[in-house]
Amino acid sequence: MSSPYQVFVTALPDVCPTAPHRMVFTADADGRCEVFTWDGAAGRARQVTDSPGGTFHRAIDADGHVWWFEEDPAGRGRWWFQHFDGGPRLPGLPGAPLGQPRGLAVTADGVTAAAFRQGRDTAVLVGRRGRVPREVVRTGRACRLGGISADGALIALASSADDADAVTVHTRDGRLVAELPGAGRPGGRLWCQGFSPRPGRTELLLVRDLGDRYVPATWAPDSGLRTHSWCTFDTEITARWCPESRTVLVRQDRHGRSLLHRVDLDARRRTVVPTPVGSLLDAAPRSGGAVDCLWTDTAHPPVLRRTSGTAHPSSPADAEPLLLPPSGPSTVVPGRHTDRWTPVGAGRVHSLLSLPQAEGDAPPPAVFLVHGGPADHDRDAYDATVHSLVASGYAVVRVNYRGSTGYGPHWRRDFTAGVGHTQVEDLTAVRADLVSAGLVAGDACALWGVSWGAYLVLLALGTRPGLWQAGVAVKPVADWVAAHRATTPALRALDVKLFGGDPDEVPERYAASSPITYAAKVSAPLLVVGATHDDKCPPGQIHAYLDALAAAGVPHDALWLDTGHDGYDGAAHVAVLRRALRFLRDRLPDPAHRAIGRPPAPTGGLRSR
């Protein structure tokens, strides 16, 4: 049957606890991310939201009510709800002040907790669906709701994993019960993963960074904080409680791909859950031992699958599909997709290389897609930008430079040459390796990045001007000092950690890593994209960088979006993709003789790094 949603589902659906055939999910609708329901019993989808700017945050409670967050261009708004089958839309927490969403949790008996960012504060409100809530916690720290216990008695609030109190636990009336230490105290960084869903069991799941490995941890009122050091992982993990036992499902990011593990905390036993090679964008345990996964690799868009976890699938088709069907024809990214490991002084840099199916022996022009973060990584996962570039005849290189996740704590913390400069060293080394091997054209290499990735584009063009023939920087940090003054408190704290102080304490470090310092040395044509409502990479510092380029006579183009840093409107992504492709075609050698077809029509599913 046909359904009203198009492409792509970007996260696992939320499943109604009392009616598992009822799900709520987000997907593309005419270029926007919107909320849909799926009734597996009836085989029917229904679009719930229709917002000009798109809708992303959603949930479903045990009574079958769908929740969503409706926000304004600044990201502030309120929660609403509607019954799964339709009917009037009603305010979920009437009377709650406007705020930015920082989490929602609803217990089986209807106790609702929601966290909001309001100015510099985070407020937690507790109430019941459709009733006026009361504020129980307010803090000046940037926090998110870490979960609510099954009986509704305890609420977890998570701040930065680096904070001295990374997780705090409060009663429903706001009384502080526990402060769980992060990196500021012995034990290492700490991430909150949520309360056990089992009735009568109050236990909080956590992940701890021990400095050289990651381990699951738990906290309970009667036993306190316990670190399960017998179960270690060498790269980053996330974890979820299984619904029927004291077992957790661990998803591990390793070398650009995903692994799944089932960890029995009582038996101290860890087993691998077989999954196809690629990336699991999300995974959740279900009743009876089943696991739902959102699987993808570079060649295939995400698909929702359910597996028993007992047989090793050779491909995603070997897993049982979820009741939620794919929304469009199967798509396969053209070209050849492989890995490349480049030696550097600190080890080996891993890159995901996609080569067009070229005619002739000349190496193709290359676009280095630079991921954001820096605590993130490029995955063996579908990316519509990769698809469009490869189909247009370009090689695409995705580099997991030092600072990336998925390669161990030491790799993530390595900024030996300074903030930004370490990463540019790695990009430069990979470029030299690929050119030397004859895999890409040495006189036709471009950089394209978003956010922190865009920052690295600007820094690389200014510090290595002879190596790159074009650059695309979308929502970059262009002036560290100006960005620090105007950005969010959480990012200011990250700046202080990266540089070892604020701009008044270590001004020379900020200047040495700021692209604006090197603007006059840029020689390659540059497209800079800014967002007028961006609170993470504010527009003022981008304007200053553009003025510096103009003063130095550097050729550049600019595009301004009427959005924030993050967004759910696919039209903005499409506008950037089309403008960037035209920009590259005009400034790099024509790859038309290598193209195997026209680029696919861009969709609202573009992944913003």
Check for me whether the distance between the ring centres of [X] and [Y] falls short of 6.0 Å.
X: H300; Y: Y382; value: no
X: W341; Y: H255; value: yes
X: H261; Y: F233; value: yes

Rounded to the nearest 0.5 Å, how far does [atom2] of [Y] lie from [atom1] of [X]?
X: Y214; Y: C231; atom1: OH; atom2: SG; result: 15.0 Å
X: E236; Y: Y407; atom1: CD; atom2: OH; result: 10.5 Å
X: Y401; Y: T422; atom1: OH; atom2: OG1; result: 11.5 Å

Side chain [X], main chain [Y], donor-acceptor under 3.5 Å:
X: Q193; Y: A239; result: yes
X: Y394; Y: V386; result: no
X: S513; Y: V419; result: yes
X: R379; Y: H377; result: yes
X: R464; Y: L427; result: no
X: K475; Y: H565; result: yes
X: H421; Y: A460; result: no
X: T26; Y: C33; result: no
X: H484; Y: A482; result: no
X: T488; Y: K536; result: no

Non-neighbouring partners of S404 that pass side chain to side chain donor-acceptor pair (under 3.5 Å), sequence neighbours left out: H371
Using the side chain to side chain donor-acceptor pair (under 3.5 Å) criterion, which residues pair with K497? Sequence neighbours excluded. D162
Do [X] and [Y] have side-chain atoms, one donor and one acceptor, less than 3.5 Å apart?
X: S279; Y: D380; result: no
X: Q252; Y: T235; result: yes
X: R189; Y: S160; result: no

Taking all heavy atoms of [X] and all of [Y], pick out the closest pair and write down the distance.
X: C537; Y: I542; result: O-CD1, 3.9 Å
X: V399; Y: S351; result: CG2-OG, 3.6 Å
X: T517; Y: A511; result: OG1-O, 2.6 Å
X: G564; Y: A531; result: O-CB, 3.7 Å
X: A558; Y: L546; result: CB-CD1, 4.0 Å
X: Q541; Y: D479; result: OE1-N, 3.0 Å

Indicate yes or no: at least one non-hydrogen side-chain atom of [X] is less than 4.5 angstrom from one of [Y].
X: P276; Y: W295; result: yes
X: L206; Y: P216; result: no
X: V528; Y: L559; result: no
X: T296; Y: L294; result: no
X: V506; Y: E508; result: yes
X: L458; Y: L526; result: yes
X: W411; Y: V349; result: yes
X: V440; Y: V435; result: yes

Can a salt bridge be assigned to the pair [X] and [Y] using a cut-off of 4.0 Å between side-chain N and carboxylate O?
X: R412; Y: D209; result: yes
X: D433; Y: R340; result: yes
X: D297; Y: R257; result: no
X: D212; Y: R413; result: no
X: R431; Y: D426; result: no
X: D502; Y: R509; result: no

Listed by chain and number, what are the ring pair (Phe, Tyr, Trp, His ring centres under 6.0 Å) partners of [X], not counting sequence neighbours?
X: F368; answer: W468
X: W560; answer: H543
X: F499; answer: W480, Y510

In terms of ring plane angle, is the pair H228 and W230 parallel, tilted or perpendicular, where the classes change at 30° and 60°? perpendicular
Here's a test for you: under salt bridge (charged side-chain N to carboxylate O under 4.0 Å, His left out), which of R251, R240, R306 qualifies with D292? R306
Could you walk me through whether D562 and T532 pass side-chain hydrogen bond (donor to acceptor under 3.5 Å, both in side chains), step by step? CA-CA 5 Å; D562 189 27; T532 56; 3.1 Å; yes
Just to verify, what does D234 make a salt bridge (charged side-chain N to carboxylate O under 4.0 Å, His left out) with, not counting sequence neighbours? R254
